Amino acid sequence: MARYNAGTGQGGTPQAMSTAYKTLVGLTCPSTVRRAWVYDLMAGADGTPADNAMAFIVDRQTTVGTGTAITPRPLDPADGATTIVGTVNLTAEPTVTADTDLLEIAGNQRASFRWVASPGGELVVPATNLNGIGLRAKSPTPSSYTGTMVGSVQFWD
Amino acid sequence: MRRAQGWLCVTNTDGSLDEAATFTCSHCQKIVPCRAAQDPYALGGFCRQCDRLICSRCVGRDCVPFMKAIEAAEQAEYRRRQLERL
């Protein structure tokens, strides 16, 4: 069991926020199917501080979407590379399974959040090709934050 | 809640922290913040079939623990792949 981190800083260009959700980090099951367990989620804004409403959501996805593919980094350098596909800073959203929001948080642009699972409380990425979990953010109406967000997802497989 | 399944922390604009324990819905894995000793029915519900807490979205639905649903989906995917090889 090795632990990995996938974050927006690992590739691509962070995308400007809008009133529609944008995926910051997506984890997807590869064709060589394998499960992953998400145990840590973090997100926050890295733009000019201002008071704007923000919303975060974690939900299940059945396609990869268009973004920068990354190889999640092992937390222990002695571990090998994971086969789980990481995609960050998406420019086109994946297909999101309706009614599967796993975590939904509303907050201020100046605020950030973190969720950590206790053993047994992890979110499971099923061993089904192209199925996955995405961490997404938006700046809901009438908010006007158009800067970027950073996020990070840690998991083990 | 005797044993939380997670911890949620929001850093506020003034630098203060809002912290809450969370549980993960047994049926759909939704993460629900909760307080210590809170009534399970105020959080959503308690499934007497799988003996686990569930979120309000899953109240009144059939008991299908999430891992069972995943195993069923994986089995279906496996069978589909086997058929493709024929």
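Below, chains carry the letters A, B, ... as their sequence lines are ordered, and counting in each starts from 1. Computed from a predicted structure; not experimentally measured.
The parts of A:S31 that come within reach of chain B are both its backbone and its side chain, each placing non-hydrogen atoms under 4.5 angstrom from that chain. When heavy atoms are compared at a cutoff of 4.5 Å, A:N129 approaches chain B by way of both its backbone and its side chain. Only the side chain of A:V33 comes within contact range of chain B, with at least one heavy atom under 4.5 Å from a heavy atom of that chain. Residue contact with chain A, scored on non-hydrogen atoms closer than 4.5 Å, involves the backbone and the side chain of B:C9 alike. In this structure, the portion of A:E122 lying under 4.5 Å from any heavy atom of chain B is its backbone and not its side chain. For chain A, the nearby part of B:F66 is the side chain; its heavy atoms alone come within less than 4.5 Å.
We find the CZ-CG distance between A:R110 and B:N12 to be 12.5 Å, quoted to the nearest 0.5 Å. To the nearest 0.5 Å, the span separating CH2 on A:W115 from OG1 on B:T22 amounts to 6.0 Å. Note that the CD1 atom of B:I70 and the CG atom of A:N131 stand 9.0 Å from one another [nearest 0.5 Å].
No more than 12 heavy atoms of other residues, nucleotides or ligands sit less than 6.0 Å from atom OH of B:Y78. The environment of B:D62 atom CG is sparse: at most 12 non-hydrogen atoms of other residues, nucleotides or ligands sit within 6.0 angstrom.
A:V153 and A:L75 sit in two unconnected hydrophobic clusters of ILVMFWY residues. Membership requires side-chain heavy atoms under 4.5 Å apart, directly or through other members. At a threshold of 4.5 Å between side-chain heavy atoms, the hydrophobic network of Ile, Leu, Val, Met, Phe, Trp and Tyr places B:V10 and B:I31 in one connected group. Taking hydrophobic clusters as Ile, Leu, Val, Met, Phe, Trp and Tyr residues chained together by side-chain heavy-atom distances below 4.5 Å, B:L8 shares a cluster with A:F56. In terms of hydrophobic clustering, with Ile, Leu, Val, Met, Phe, Trp and Tyr side chains grouped at heavy-atom distances under 4.5 Å, A:V96 and A:V64 are assigned to different clusters. Under a hydrophobic clustering in which Ile, Leu, Val, Met, Phe, Trp and Tyr are joined whenever their side-chain heavy atoms come within less than 4.5 Å, directly or via other members, A:Y145 and A:I57 fall into different clusters.
Contact detail for A:S118 and B:G6: the closest heavy-atom pair is OG-N, 3.5 Å.
Note: B:R57 leads B:R57, B:M67, B:E77 in heavy-atom pairs under 4.5 Å with chain A. Counting heavy-atom pairs under 4.5 Å between each of A:T100, A:D99, A:L103 and chain B puts A:D99 at the top. Top candidate by heavy-atom pairs under 4.5 Å with chain A, chosen from B:T24, B:D18, B:T11, is B:T11. Comparing B:Q29, B:R81, B:K30 by heavy-atom pairs within less than 4.5 Å of chain A, the highest count is held by B:Q29.
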